[in-house]
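Data first, discussion second: the structure below is written as structure tokens.
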Protein chains: 2
Amino acid sequence: MAPLQKSIDKRNALIKATIELVNNNGFHATPMSKIAKIANVSPATIYLYFENKQDLVNQTYMEVKAKYTTYAFATYNQNMPVEEGFKIIWKRIADFKLKECENAMFLAQCDNTPMIDEPSLQEGIKHLQPLLDLWECGKKEGIIKPLSNYLLYAYAINPLSFLIMSEKRGSFKLDKVHIEEAYLSAWNSIKVIT
Amino acid sequence: MAPLQKSIDKRNALIKATIELVNNNGFHATPMSKIAKIANVSPATIYLYFENKQDLVNQTYMEVKAKYTTYAFATYNQNMPVEEGFKIIWKRIADFKLKECENAMFLAQCDNTPMIDEPSLQEGIKHLQPLLDLWECGKKEGIIKPLSNYLLYAYAINPLSFLIMSEKRGSFKLDKVHIEEAYLSAWNSIKVIT
DNA sequence: TATATAAAAATGAACGTTCATTCTTTTATT
DNA sequence: AATAAAAGAATGAACGTTCATTTTTATATA
């Protein structure tokens with residue numbers, strides 16, 4: 001194995017361990033020692049890849065957020081009609097949250113606690129731009145309600161986080177039918193009613 | 001001042017301090033010593049009112065959740081028509097989240113992290129029963145879509161949390177107009193479309 | 001190609017600090 | 001004066017981080 005690859009593997013193992021432990025215990029209750037143990041690495045080794053604990057979690061956040069948005073926009077392109085574009089993005093997001101549940105939960109925690117530095121948070125938000133652009137376009141065409149992007153996001157995208165959380169807690173099972181129903185609710189709350 | 005009142009004051013001060021510090025730093029980054037200092041109390045005194053740190057935060061959660069639901073249902077009664085009942089509850093929730101922003105943020109953090117014991121979490125959820133009953137009633141009458149209560153909650157109530165978070169982060173200002181728009185989105189995503 | 005040397009990566013033990021909690025003393029109440 | 005409440009100092013455990021050292025990898029030499 002190439003030596004560089006080995007380094008990448010270790011970094012990935014550390015990020016994976018961080019997600020797992022933070023999901024189960026929260027940021028401040030996951031000691032570096034445990035992260036090291038799960039990643040099969042010495043505690044000191046972490047500091048070869050990351051400045052400190054805060055840097056580790058910031059970088060983990062940005063990496064997961066990038067993965068999330070890359071996945072969300074993978075099958076979308078700007079030439080699609082607004083409704084189709086939205087549907088494709090929404091479904092991909094739902095897909096990601098279901099398949100990559102660990103990652104999705106980690107993001108939810110980051111977005112609801114003082115865990116991540118403000119600059120890293122801002123950095124993560126930037127990746128959503130294509131969706132915001134799509135909405136602007138839809139508003140111009142009179143297809144999407146003239147609401148602020150925050151309201152659109154709150155009613156169309158964010159509810160998925162809540163559902164994933166309920167599913168994780170075991171109080172609710174998200175199947176294909178529910179996803180379809182959820183999509184219709186989402187679209188319904190942002191589309192212009194004719 | 002009666003000695004009992006003084007005790008209640010101290011307990012309240014401790015709970016208030018806990019909310020403030022956890023909001024700004026997260027659970028594990030709020031030391032008992034700091035909570036004591038903000039509450040103008042000795043660290044040891046905390047243990048006269050609470051078993052330990054976990055108990056303090058559990059009780060804080062249940063207290064805030066109870067306050068939240070009491071407020072939400074204060075002007076609602078079961079004899080109202082479904083649409084009116086929902087509107088009244090929704091508006092009260094929005095009102096609470098705006099006015100008692102600190103409390104709302106604390107709840108959001110509790111609901112998205114491993115901070116609170118599962119039993120306390122379950123205890124907190126129970127208080128929402130009147131809303132679930134209203135929805136059941138609405139479904140029977142054909143006014144509300146036959147969706148699971150989790151989906152209804154995800155699309156009608158939960159988005160408010162996201163908006164409050166955006167507002168707190170300073171990226172968005174929630175005024176009366178936005179609240180009205182948000183309400184319409186909420187109702188629109190759960191009502192049967194005729 | 002085989003060996004020697006240098007560089008880089010990784011390690012485990014150790015340090016200083018911080019924390020939740022307890023213990024002992026002081027202050028207030030009846 | 002007796003009792004209860006509160007305070008602050010004390011304690012041991014756990015944490016993030018550093019450092020001296022070892023192990024692995026790359027480079028140079030013959």
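Per chain, numbering begins at 1; letters A, B, ... match sequence-line order. Both backbone and side-chain heavy atoms feed into the values below; hydrogens, waters and symmetry mates do not.
Partners of A:P81 according to the side chain to side chain contact (heavy atoms under 4.5 Å, CB included) rule, which considers only residues two or more places apart in sequence or in another chain, are A:E84. For B:Y76, there are no ring-ring contact (aromatic ring centres under 6.0 Å, His included) partners two or more places apart in sequence or in a different chain. By the side chain to side chain contact (heavy atoms under 4.5 Å, CB included) test, A:K34 is found to be paired with A:L21, A:P31, residues two or more places apart in sequence or in another chain being considered. Residues forming a side chain to side chain contact (heavy atoms under 4.5 Å, CB included) with B:K16 (at least two apart in sequence, or on another chain): none. Under the rule for a side chain to side chain contact (heavy atoms under 4.5 Å, CB included), the partners of B:I179 that lie at least two apart in sequence or sit in another chain are B:W90, B:A94, B:L98, B:L174. The ring-ring contact (aromatic ring centres under 6.0 Å, His included) search around A:H178 returns A:F172, not counting sequence neighbours. The ring-ring contact (aromatic ring centres under 6.0 Å, His included) check on A:Y71 picks up A:F96, with sequence neighbours excluded.
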**OP:** Would you give a per-nucleotide map of nucleotides 16-21 of chain C, 5' to 3', where B means the base has a protein non-hydrogen atom under 4.0 Å away, S means only the sugar-phosphate does, and - means neither?
**Re:** ---SSB
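The side-chain heavy atoms of A:V41 and A:K10, taken from C-beta on, include a pair separated by under 4.5 Å.
For residues 120-130 of chain A, the pairs satisfying salt bridge (charged side-chain N to carboxylate O under 4.0 Å, His left out) are A:E123-A:K126, with sequence neighbours left out. Applying the side-chain hydrogen bond (donor to acceptor under 3.5 Å, both in side chains) test to every pair with at least one member in residues 20-32 of chain A, sequence neighbours left out, gives no pairs at all.
Cation-pi contact between B:K91 and B:Y183: present, with separation from the ring centre below 6.0 Å and deviation from the ring axis of at most 45°.
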**OP:** Any chance you could encode DNA chain C as dot-bracket? Rule is Watson-Crick or G-U wobble with both distances under 3.5 Å; [ ] for pairs crossing earlier ones, | for another strand.
**Re:** ||||||||||||||||||||||||||||||
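Residue A:S42 places no side-chain N or O under 4.0 Å from the OP1 or OP2 atom of C:dA10. Side-chain N/O atoms of B:Y49 include one lying less than 4.0 angstrom from OP1 or OP2 on D:dA6.
The separation between B:I46 atom CD1 and D:dA5 atom P is 17 Å, rounded to whole Å. The distance between atom CG of A:L14 and atom C1' of C:dA9, rounded to the nearest whole Å, is 13 Å. Between the CG atom of A:N40 and the C1' atom of C:dT11 there is a distance of 13 Å, rounded to whole Å. Going from atom CG of A:L48 over to atom P of C:dT11 covers 9 Å, rounded to whole Å. In this structure, A:D9 places its CG atom 15 Å from C1' of C:dA9, rounding to the nearest Å. Distance A:F50 CZ to C:dA10 P: 12 Å, rounded to the nearest Å.
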Mind listing the N/O atom pairs, protein and nucleotides 21-23 of chain D, below 3.5 Å?
none

